[in-house]
Every structure is written in structure tokens, then in C-alpha cells.
Amino acid sequence: MSSQKRSERAVTPMSEDVSGWYNDVVTRAELADRGPAKGTMVIRPYGYAIWELLQRQLDDRFKATGHVNAYFPLFIPESYLRREAEHVEGFAPELAVVTHAGGEELAEPLVVRPTSETIVGEMYAKWISSYRDLPILINLWNSVVRWELRPRMFLRTTEFLWQEGHTAHADEADAMAETLRMFDVYDEFARNVAAIPMVRGEKTPGERFAGAVRTFTIEGMMRDGKALQSGTSHYLGTNFARAFDITYQDRENELQHCHTTSWGLSARMIGATILAHGDDRGLVLPPRLAPHQVVVVPIGRGDQLDATTAEAQRLAAALRERDVRVLVDTRDQSPGFKFNDWELKGVPFRVELGPRDLEAGVAVLAQRVGDEDEDGRARKHPVPLAELAAGMPARLDAYHDALVARAQAFRDAHTAVVDDLDAFTAQVAHGFAVALHCGDPACEARIQETTRATPRCIPSEGDEESGPCVSCGGASAYGRRVVFARAY
RNA sequence: CGGGGUGUGGCGCAGCCAGGUAGCGCACCUGCUUUGGGAGCAGGGGGUCGCCGGUUCGAAUCCGGCCACCCCGACCA
């Protein structure tokens, strides 16, 4: 093939233009497409299959920790938002408001939910009256709308899919335990399902959720060294309980305010997966989020193709028996086309099955990443057909572990402790800077202005340390170092 | 909202400077040949040239205005 043809089909190299690369991968791998209205996107079947896998595995974890699902309305009376001062202030700029409906102006405008704390609070107030009603542990799978100035598919769209958990508890200890429990669930999920080792920690006051007392976050490092907030868990104290009268009578017959929590993880996690694992060939999917973990490509023509296709189907059946998601690609395309197509789509393992292989009783196995030759091409290994299916679950697990290790190594290589502003500025250009900070919001703002980096979190793991602020030289806050990075 | 860029078949582009009614590659359809890294040949379908107005015998092309989208900032899961 001519090199011209090739470059036309390949995605924009990541090294050249990360945004261009990202857009190419999302559209060419058929994960999503832009919707007609600004900031909207259509999640295509391949992308939605990833979402369904993510959703199911996360939902299992919610159920295992005692939560139940429910559905709350899309429309919220505007006045509800106003009841919690910080909450309104935080969300006012990105609200979509419905003022007309049924051909008439509404008596009270309705906001399209940007998040559901307020309407959940209103209903919880109605449902909770005794300590016997607590805790209440509800999760919502829905979409929310936040009017974004600069949309990017999966990372920041006007409407996005997510889940939001909302819980109410008798006291702070209970609510804090819940906040941290779900924080752990997110962290574990990110590592064990999305294969992304997260930096976990607490948000600084300036970065906290509007209306929260404490916010915990998992931050992933993308291949360009930028941070992506990938899940947050909030302890809301009694802020919403006081705003919405969520009260209960305790054993002593005293009226008490509930302590509430909320926690959310969105389809942005798909964006995180793309940006954390992808390469110049396209998408790299972790096996537990891959709609097809194995694709089998039968090769040959005429009767030979019939024979290899039949064998491919037998192999696929054996793989399915072991709960491997497998697809036999019987499209009327050349084998080379299929190899490239499935590499672009990030499928972990590819099996080639040709006449020569049938003869030898083997199949040719290649993996998407982690086993390349000098030219960067996936090595091909003949594997006895009889052993392929039985060994696949272990191979998938090993592949997952290798992705985690690779991402971890990348993150470590792009994270550095820095103690002066020059080193800080250089570091955030390509990774995370771990620095002492005074905690002054004005100082945070100055850092962002000059370096475009923001405090991502105060890491949960980390030695106690104090000293001069990396920026202003004032006394450090938090008793430990803060992770700074440019963020998506 | 500031700075940069782009609008021409589904996608990527040329044509515009020197106006004459649209072309290339990919994709698509049909047929034959092919199938171990993006197949070949032949035939074919598909475009109000972002929108509105102006100049002109005639506008994708020149002039004025508007709009949309993308990228980089400010806001954000």
C-alpha cells in the first residue's frame, strides 16, 4: 500500500496532537459521534457496550455494599437549587433552565438536573422520620446536564451518563465511613476494571464539590501527563439536611439532622480509559471493559474459508463456555483490513485461523500491546487449538495486570517531588508535581494563572511533611504534600 | 468572551489569487478475479460549494454581513 493511503487511514499521532488523536480514536473506533447540538454526543453501540460493562461491574459493587437503585426526576424546581447557598453558586453558571412548556410560560422555571442532591434531599426529608429509617442508601443511574463552554466527547459534554449515590445517616461517623467506603470502591474499580492506578486523595477547599464538607477524588494520569478526575465521593455534613429539613428522631426522642453523602462516577471513565491506555494505533481496551476480548479472523477462500470459519466458530464456542467475550469476524473484508480495524478498536487478543494453521492444529495469537517486535508490531504466536480456550482467561488476567503495571510505571516516571517554582512549572508540563502548599486559595489561583496547574488532591498516602509553600514561601498546610497537575 | 483555524458528495481534500455552472482519494453499489497486515480491474450512484445579500451577461471563485464547527485559554464530572 502507498504510504499516502496509510496516513489517510491512520489516526493523528498522539505525539503530534493529543486532541486530534483523541477525536480520531473516539470517532474512528466508533465509540461515539458528535450530536447536532453543541456539546452533545451520540454514544454508538461499541462505546455503549463499554458503558454497559462498566455499569454492570460498578453496580455489582454498589449492591455488594448494600445500596439499591431508584430513579429521580430530570426536572427540578429552580427554587430547590437556591436552598443550599454554596450549591447554587457552584452550579448556577452551568444550568439549563426550562421556562416554557405546553405552549405556556411556567409559573416556576424548572432546571434540568445538574446533579440530584436537592431533589433527593426533598424526598429524603419526606421519607425519614426515625433513626429506624437510617441509613438510607440509594443510587441513581441517570444523565445530568451541565452547560459546558468547551465540550470534549466523554470528557466534558453538556449531557453525560453517570451514577450518583445519595445516602443519609444518623451521625457523622456513619456518613464519613460511607464516604470513604465508596471512595475505596471507585479506586478499586478503576484499578481492577479500567486498569488505571489512581492517585487517591482529598480535594483542597477550593476544589471541593459545591456544598460538600469534604470531597475525595481519584485522579488518573493520562498519556500526556495531564490529570483526569475520575470519580468523587463527598461527605456533605448536615448542609443539605439543614437546607431540606432532613431530620429524624433519635432514641432519646430528640430531633436530629441527618448527615448525608453523595458520590458519582461518569462515562468520563471511558475517556479516562482511552487516554490512559491508548497509543498511535488507536484504542487499547482493558479486558474487563472490552466488548470483544478476543476476535477470531478466519482466513482462506472458497472451501478453505468455510473450513476455517467453522473451526473459528468451534473455538468461539469453547471460549464462551469460559465466559470469554469473543467475536468471529466473518465480514467480507481482507484479513489485513480486519487486523488493523480491531487494533484501532483496542481488542486485547486476536486469533488468526488459516488453512496452514488448521493443518498444523494451531491458531495464531497476537495481543494488542505488551508483546511487540523491534518494529513495534504485535508478535504472532502459534498456539495449539486444543489449548487456546482453556488458557484464555489467564491470559486476559495477565494482560490486565500488565496494563496496570504499564500505567503505574508511566505515572511514576511522570511524577516528581518539587520544591521550587521553576521545577514545578517544568514538571506540570508533562506530569504530576508533588509539592508543599500554603493552602491559600489566592495562592492556588496564582499558580493556576502562571502554570495552568491546579491542586488535584492531598494524597491519602504520603508522609507527614511541612515547610515553605512552593509558590509563596508561606507555611505549608495539610501536613503533607499536595499533587498538582494540569487537568482535563 | 479573547486568540488561532476550517466550512466544497458520508470522510479527507483540490479548485478560489487571474469569475464561465465542480474534481480527486477513501468509502458506497454492480460484476469478475482475490483473501496469512488496510486487495485488483471494469462499470456506476451520490454535491442547494455553511447562510443571506451585493457586483456581474454569468459567482464555489470578487465584495459586505452573518452563522456553525474545531483547536488554545477563562468555567467544569
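First the proteins, then the strands, lettered A, B, ... as listed; each starts at 1. All of these numbers come straight from a predicted model, not from anything done at the bench.
Distance A:Trp51 CH2 to B:A77 P: 16 Å, rounded to the nearest Å. For the pair A:Glu449 CD and B:A74 P, the interatomic distance rounds to 9 Å; values are reported in whole Å. Between the CG atom of A:Asp329 and the C1' atom of B:G37 there is a distance of 14 Å, rounded to whole Å. When rounded to the nearest whole Å, the span between CD of A:Glu159 and P of B:A77 equals 17 Å. Atom CG in A:Asp303 sits roughly 13 Å away from atom P in B:U34 (whole-Å rounding).
Of the candidate nucleotides B:G38, B:A77, B:G36, B:A77 has the atom lying nearest to any side-chain atom of A:Thr157.
Side-chain N/O atoms of A:Arg34 include one lying less than 4.0 angstrom from OP1 or OP2 on B:C70. For B:C70, the OP1/OP2 oxygens have no side-chain nitrogen or oxygen of A:Ser19 closer than 4.0 Å. Within the 4.0 Å cut-off from OP1 or OP2 of B:C75, at least one side-chain nitrogen or oxygen of A:Gln448 is found.
Counting distance only, with no hydrogens placed and no angle test, the side-chain atoms of A:Asp341 and the base atoms of B:G38 include no donor-acceptor pair under 3.5 Å. Judged by distance alone with a 3.5 Å cut-off, no donor-acceptor contact links the side chain of A:Ser334 to the base of B:A39. Judged by distance alone with a 3.5 Å cut-off, no donor-acceptor contact links the side chain of A:Lys338 to the base of B:G36. Donor-acceptor pairing under 3.5 Å, judged by distance alone, is present between the side chain of A:Arg156 and the base of B:C76. Within 3.5 Å, a donor on the side chain of A:Glu343 pairs with an acceptor on the base of B:G37, or the reverse. Within 3.5 Å, no donor on the side chain of A:Arg301 pairs with an acceptor on the base of B:G36, nor the reverse.
Between B:C11 and B:G53, the distance separating the two C1' atoms is 32 Å to the nearest Å. Remark: the separation of the P atoms in B:C57 and B:G12 is 38 Å, to the nearest Å.
Ionic pairing of A:Arg181 and A:Glu178 is present here: one or more N-O contacts between side-chain nitrogen and carboxylate oxygen are shorter than 4.0 angstrom. A salt bridge links A:Asp184 with A:Arg200; the closest basic N to acidic carboxylate O contact falls under 4.0 Å.
Note: A:Phe72 and A:His166 fail the aromatic proximity criterion, with ring centroids not under 6.0 Å apart.
Take the nearest nucleotide of RNA chain B for A:Leu155 and for A:Pro151: the residue whose nucleotide is more 5' is A:Pro151. Residue whose closest nucleotide on RNA chain B sits further toward the 5' end, between A:Leu305 and A:Leu161: A:Leu305.
A:Arg356 comes within contact range of at least one nucleobase, with a heavy-atom separation under 4.0 Å. Across all strands shown, A:Arg350 has heavy atoms under 4.0 Å from base atoms, whether or not it also approaches the sugar-phosphate. At a threshold of 4.0 angstrom between heavy atoms, the contacts of A:Val144 with the nucleic acid are absent.
Stacking of the aromatic ring of A:Phe337 onto the base of B:A39 is not found under the criterion of centres within 5.5 Å and planes under 30°.
Residue-environment remark: CH2 (A:Trp51) exceeds the threshold of 12 foreign heavy atoms within 6.0 Å.
Using modelled atom types, one finds a donor on one side chain and an acceptor on the other under 3.5 Å when comparing A:Thr167 with A:Thr261.
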